[in-house]
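Chain letters run A, B, ... following the sequence lines, proteins first and then strands; every chain starts at 1.
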Number of protein chains: 2
Amino acid sequence: MTDQLLAAAERFALTLSQYGLQRMTARVMAALLFTQQPTMTAGEISEQLGVSSGAMSGALKTLISLGMIEKVPAPGSRREHFRFRDGAWATLMSQQNAVLALMTDAADDGIEVAGEQTPAGRRLEEMRDFYGYMLREMPGLIDRWQRTRNP
Amino acid sequence: MTDQLLAAAERFALTLSQYGLQRMTARVMAALLFTQQPTMTAGEISEQLGVSSGAMSGALKTLISLGMIEKVPAPGSRREHFRFRDGAWATLMSQQNAVLALMTDAADDGIEVAGEQTPAGRRLEEMRDFYGYMLREMPGLIDRWQRTRNP
DNA sequence: CTGAAGTTTCAGAGATCCGTGAACATTCGG
DNA sequence: CCGAATGTTCACGGATCTCTGAAACTTCAG
C-alpha cells in the first residue's frame, strides 16, 4: 500500500467527515475502500490508522449497520475479516429514503396541528409534497442503476 | 401561535439535528417553517426560542447561504424580516449535487493513484459510476418536480 | 479444558463544538 | 448629523462528543 494511496484515503475520509459522518467511521471506510487487499482484519486497520481496537469495534459496527461493509466468513486461520460490500453506495443512498419518509411524516404532523388553510399549513404542504415526490421517485432511480449493473 | 404548534416545531428541529444539521440552525428553520406569521424578525425568533441574538445571527446566515430562507425587504418600519423561501426544499436537495460531484472526484483521484486493474481501483470505479449516475439523474428529477408546480 | 489471540464494552480524559454576552458596527428615524 | 435600535463578531466557558485503555468476554487451537 503506497503512501500516496494512504494519503488519498485520508483525504477522502476528511471530506466525508465534513458531511456528517463520524471521523473514525469515515477513516475506517476509507481504509477498506482504498486498500489493495481484498479484505482487512480489525487489527490491520487499527494498526494502519494508529488507533485503539476499541475505536475499531465501534466504527466497524456502525459501518455494518449502514450496510457499507460486511464480515467475511474467515477463510482459514485468523479472526474477523471485513470488506467493502458490493453495491454499498446504492445501499447507503437507499437508506436516505428513511429520512425522506421522516420528513414527510413531520410535515403531515405539522399540517394537522396548523390547519390546511393557514400560512404554516401551506408551507408544510409544499414540504410534504416535495418529500412525498422524492420518496416515490428515489427507489426507481436506484433500481434502474442496479439493473444497468446486473442486466 | 399555539403551544401545540411550537411543540411540533421543536420536535421537528430535534429530528433534523439528528441528521447533521446544527441544533440552532434546525430550531430557527423550524420556527420560520411553523409560524403562522408570513415573516418573522430576528428578535421575534430569538425571543421565541429563548436564545441570544448572537446565536441568531449565525443561524440565519447559515440558512440564507443554504437557500432555505430569505430576507424580506422590510415592509415599513422595523428591521430585517425573514421568511421561508418558496422552493426551499428543492434548493436544499439540489445542493446535494455538490456532494455528489465531490464523491465522484474523490473516486477519480483514487483510481488514478491505485490503478484501474487493481482491487482498490475496481472498488473506486463502482463508486465513481454510482455517483456519476446520480449526478446525471438528480437535476432532471428535481426539474420535473418544479415543472409540476409551475406548469 | 486451558490459555492465547482477538473482540467488545465502558468509564473517564481529552478534544471539539456551540451558545452566551459584551463590545463593536450598522442603519434609519428624527 | 446624532443617537437609539438592531445586527454582527468573537473570546470564553460549558456542554457534548469521541477515543483511549483496561477489563471482561469470546473463540478456537492444542
Side-chain angles (χ1 to χ4, degrees), chain A residues 9-10 12-32 35 37-66 68-83, chain B residues 9-10 12-32 35 37 39-66 68-84:
Chain A
E10 286 292 312
F12 174 64
L14 195 64
T15 303
L16 278 188
S17 68
Q18 284 169 344
Y19 287 94
L21 203 57
Q22 327 246 87
R23 218 180 56 124
M24 186 59 60
T25 310
R27 294 182 72 199
V28 174
M29 187 196 287
L32 284 165
T35 182
Q37 306 175 212
T39 67
M40 289 181 87
T41 66
E44 282 170 346
I45 304 173
S46 60
E47 191 188 0
Q48 184 180 100
L49 300 180
V51 300
S52 72
S53 57
M56 240 346 77
S57 180
L60 290 169
K61 197 156 72 165
T62 304
L63 287 170
I64 288 174
S65 78
L66 285 175
M68 297 298 293
I69 68 173
E70 62 194 349
K71 286 191 189 176
V72 179
S77 52
R78 291 247 191 158
R79 285 298 159 70
E80 309 288 20
H81 286 238
F82 296 89
R83 79 165 158 234
Chain B
E10 285 293 312
F12 174 63
L14 195 65
T15 304
L16 278 188
S17 69
Q18 285 170 343
Y19 287 93
L21 203 56
Q22 325 248 86
R23 216 179 56 119
M24 186 58 61
T25 309
R27 294 182 72 200
V28 174
M29 186 196 287
L32 284 165
T35 182
Q37 306 173 210
T39 68
M40 287 181 89
T41 67
E44 282 170 347
I45 303 174
S46 60
E47 191 188 0
Q48 185 181 98
L49 299 181
V51 300
S52 74
S53 59
M56 241 345 79
S57 180
L60 290 169
K61 197 157 72 165
T62 303
L63 287 171
I64 287 173
S65 77
L66 285 174
M68 297 299 292
I69 67 173
E70 62 193 349
K71 287 189 189 177
V72 178
S77 52
R78 290 249 194 155
R79 284 298 160 71
E80 310 286 20
H81 285 238
F82 296 89
R83 79 164 157 235
F84 210 82

[X] [atom1] - [N] [atom2] separation (whole Å):
X       : N      : atom1 : atom2 : value
B:Gln18 : D:dT16 : CD    : C1'   : 15 Å
B:Met56 : C:dT20 : CE    : P     : 9 Å
B:Lys61 : C:dT26 : NZ    : P     : 13 Å
B:Lys71 : D:dG7  : NZ    : C1'   : 9 Å
B:Leu60 : D:dT9  : CG    : C1'   : 15 Å
B:Glu44 : D:dG7  : CD    : P     : 10 Å
A:Gln22 : C:dC17 : CD    : P     : 12 Å
A:Ile45 : C:dG6  : CD1   : P     : 14 Å

Let's see if you can work this out: which of [options] has an atom nearest to the side-chain heavy atoms of [X]?
X       : options                : result
A:Ser53 : C:dG19, C:dT8, D:dT20  : C:dT8
A:Ser57 : C:dT8, D:dC19, D:dT8   : C:dT8
A:Arg23 : C:dT20, D:dT20, D:dC19 : D:dC19
A:Ala42 : D:dC19, C:dT8, C:dT7   : C:dT7
B:Val51 : D:dT20, C:dT20, D:dG7  : C:dT20

- Message: Treating B:Ser17 as the side-chain partner and B:Leu14 as the backbone partner, does any N or O pair qualify as donor plus acceptor under 3.5 Å?
- Response: yes
- Item | Polar side-chain atom of B:Ser65 near backbone of B:Thr62 as donor-acceptor pair, under 3.5 Å | yes
- Item | Sugar-phosphate, base or nothing in reach of A:Met24, heavy atoms under 4.0 Å | sugar-phosphate
- Message: Just so I know, are the side chains of B:Met29 and B:Ile69 near enough to count as touching, which here means a heavy-atom distance under 4.5 Å?
- Response: no
- B:Phe82 and its side-chain contact (heavy atoms from CB on, under 4.5 Å) partner, picked from B:Val28, B:Ile64, B:Leu63: B:Ile64
- Message: Show the nearest heavy-atom pair for residues A:Met40 and A:Ala31, with the distance to one decimal.
- Response: SD-O, 3.9 Å
